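See below for the structure under consideration.
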Amino acid sequence: MTMILTDDEQAILAGKEGEARAHAMDLLVRYGKALGAERLVDTNNVCGGVVGSLPGRRDVLPPDKKMDMDAVFSLLNLDSDKTLKIPPVKANTYKLIEAMDPDLYKVQRVSEETRRLVENTSEFCKRVGIQQSNTCTPYQVGNVPVFGEHCAWMESSAVVYINSVIGARSNVEGAHSTAAAALVGKIPYWGYHIPENRFGTHLVEVEYPVDDMLDWGLLGYYLGEMVHENIPVLTGLSGVPHADKLKHFGASAASSGGVEMYHLIGITPEAPTLEAAFGGSKPVETLRFGAGERKTAYEYFNTGRDPNVDFVMLGCPHASLEQVQLVAGLLEGKKLSENTDLWMFTPRALKTEADRMGYTKTLEMAGAYLMTDSCAALSKVFPEGTKVAATDSCKQAHYLPAILGFETWLGTTEQCVQAAISGRWQGDLS
Amino acid sequence: MSKTITLHGRPVVAGIAEGEALVTKHTISGFGGIDSKTGIITEVRHELRGQSFKDKILVFPGAKGSSGWASHFQTTRLTGAAPKAMIFNVMTTKIALGAVVTRVPAITDLDQDPLEVISSGDWVKVDADNGIVEITKAED
């Protein structure tokens, strides 16, 4: 299949705007052909990883190129063997998670080398105009797409959120496609960019009164296991859920399966009715989520673990201000067990708000930390000697055993904070 | 004489390669699923856990998991642990970008299910310039 390119796309490909943009266009064309896309679409909203500071990534570069960000970005973000002079980005572009908290990197036990790489990456971002939000949740801190907006976002929990809750249009992109999109403002018109690919496939009758964040996480995790990369349509929910619950729901479904879009009837914008959500087609399958399914999902995680918790990880995806407020309330006047650490992760901009409200101080008085820019699983940062972790996030509980080898408990935010205070896991599925 | 089977499909990344097949009915994760220095599958519940796809013709349903898939497969190319070619069933952004940056011949949309026709150990020629897969069954 050949792709049809516009005159301006042809011109960029031919080098009219320089070598780096020509390479970016060529990469997008090869990627589009691989997908079977017929054309590209304009985008002015890109979120991607500038991956050159994550642990181990620069090891594939020759020693003399490791601190040359043009070389690092050319290879790791554009798959170019030749070092390209990277020009300013064309599309509005936001950076995802970094390797460390810029203030608490010593607590995170980040090496001096990684700190230098992060600084080097940050200087590069300033030069080319990539916003350093350094969060997996750009939609919490100023990048809220408009309904129908074509985006090129990478982080799966963020893509499922903007597709489903906002009605923006993005596939789960990668480090290279987002970098190329940033440079030329284009992305293949494929998958969730195309309206007819956004209709539901599976009907889900929710019979359990799903309420707290853990329930929403378990619902997402169960559905991801059941529908894989398909599009579930949920009925039977009461009321409009808080954004944090949908954040956890989507992150879970995108971790256990590959869910990039869902519909909540009467709640999300492309699902005013069942008929609208399915585009007039019949569901391929009908599933239910009751008390039994909820228990099944919980038992994916919580079987036969050591109850002595070393590390409580909160804020996956990055916590909202309300989540930080909740934890500050639970820790007010308390002290963590001397055997347990509690790290909570939030975007930089929200920590500034938390500082002003006194939440950060409350956490610190209890012996906990409010951290930014980073993530335990992705940045590989954790307290020394951790063997057993606890978290309120299905996504983090999915990744911690695989990435860092921790036995991991999953529970409510309250159960996790309680474990940090007592040092022991006592949570259950009430 | 060994039996030879020919399949036809859609080229994803052009090129020609041949080698021994490694077949799995499980999808493969990049981040948290493979060791990109050795090509060994590390995912806990995966049927190929402990086996390496280095220099093999990797035959699998497709990609799953984190958006870092392409980055991890690009690293296998840079460390010399990449498969020689990819044959898969389900197209996603992860595998399309992953195949492009791994720079190995790749084919999908075959006229028969490659997971049924090809077994680990078969000798497979992938002609992704023309969309042809030629399989020589291993002797039993």
Side-chain angles (χ1 to χ4, degrees), chain A residues 1 27-37 48-49 51 54 56-57 59-61 75-79 81 96 152-159 170-178 180 187-188 190-192 224 228-229 254-258 260 377-378 395 398-404, chain B residues 9-15 26-27 29-37 41-46 49 61-81 86 88 90-109 128 131:
Chain A
M1 184 184 292
L27 181 70
L28 288 173
V29 170
R30 285 185 285 128
Y31 168 47
K33 281 183 185 168
L35 285 167
V51 294
L54 293 174
R57 297 292 177 86
D59 294 351
V60 293
L61 280 112
L75 181 63
L76 297 181
N77 275 100
L78 292 168
D79 194 41
D81 297 330
L96 298 170
W153 285 30
M154 177 169 171
E155 161 63 35
S156 65
S157 70
V159 170
S170 184
N171 295 307
V172 172
E173 295 296 342
H176 314 87
S177 54
T178 49
I187 199 75
W190 189 85
Y192 290 104
H228 308 288
E229 71 284 1
S255 306
S256 61
E260 298 181 25
L378 199 66
K395 176 171 183 166
H398 175 90
Y399 279 117
L400 282 178
I403 306 288
L404 298 176
Chain B
R10 180 174 79 77
V12 173
V13 173
H26 289 178
T27 49
S29 287
F31 178 65
I34 64 165
D35 176 353
S36 42
K37 291 191 177 69
I41 308 266
T42 56
E43 186 180 343
V44 177
R45 287 184 285 167
H46 203 283
R49 188 181 189 204
K64 70 166 175 185
S66 153
S67 53
W69 208 93
S71 290
H72 284 77
F73 272 80
Q74 182 198 25
T75 305
T76 68
R77 172 174 71 75
L78 295 165
T79 59
M86 297 184 191
F88 63 92
V90 181
M91 179 53 80
T92 57
T93 48
K94 286 165 202 158
I95 200 161
L97 187 62
V100 165
V101 301
T102 310
R103 303 187 196 167
V104 293
I107 294 188
T108 190
D109 291 342

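All figures in this text were calculated on a predicted structure; none of them were measured in a lab. Residue numbering restarts at 1 for every chain, and letters A, B, ... go by the order of the sequence lines. What you see below is based on every heavy atom in this structure, not just the backbone, and it leaves out hydrogens, waters and symmetry mates.
For a residue to count as touching a neighbouring chain, one of its non-hydrogen atoms must lie under 4.5 Å from one of that chain's; by this rule A:Ser177 touches chain B with backbone and side chain alike. For chain B, the nearby parts of A:Leu75 are the backbone and the side chain; heavy atoms of each come within less than 4.5 Å. Heavy atoms closer than 4.5 Å to chain B are found in both the backbone and the side chain of A:Val172. Of the two parts of A:Tyr399, only the side chain, counted from C-beta on, holds a non-hydrogen atom closer than 4.5 Å to a non-hydrogen atom of chain B. For chain B, the nearby part of A:Glu229 is the side chain; its heavy atoms alone come within less than 4.5 Å. Heavy atoms closer than 4.5 Å to chain A are found in the side chain of B:Thr79, but not in its backbone. With a 4.5 angstrom heavy-atom cutoff, A:Ala254 does not touch chain B via any of its atoms. For B:Ala99, no part sits under 4.5 Å from any heavy atom of chain A, backbone or side chain.
Considering every non-hydrogen atom in both A:Ala175 and B:Ser71, the closest pair reads CB-OG, 3.5 Å. Contact between B:Thr93 and A:Leu35 at its shortest, heavy atoms only, is CA-CD2, 3.8 Å. Closest approach of A:Ala34 and B:Arg10 over heavy atoms only: O-NH2, 2.8 Å. Nearest heavy-atom pair, B:Gln74 versus A:Leu76, reported as atom, atom and distance to 0.1 Å: OE1-O, 3.8 Å. Taking both residues in full, the closest heavy atoms of B:Phe31 and A:Leu378 are given as CZ-CD1, 3.6 Å, listed atom of the first, atom of the second, then distance.
For chain A, the option among B:Thr92, B:Asp109, B:Thr108, B:Ile95 with the highest count of heavy-atom pairs below 4.5 Å is B:Thr92.
Rounded to the nearest 0.5 angstrom, B:Ser67 OG and A:Glu260 CD are separated by 9.5 Å. To the nearest 0.5 angstrom, A:Glu173 atom CD is 7.5 Å from B:Leu97 atom CG.
Judged by distance alone, with hydrogens and angles left aside, the side-chain atoms of A:Ser156 form no donor-acceptor pair with the main-chain N or O of B:Ser66 at under 3.5 Å. A donor-acceptor pair under 3.5 Å links the side-chain atoms of B:Arg103 to the main chain of A:Asp79, judged by distance alone.
Under the side-chain contact (heavy atoms from CB on, under 4.5 Å) rule, A:Arg30 has a single partner from B:Val13, B:Val100, B:Val12, which is B:Val100.
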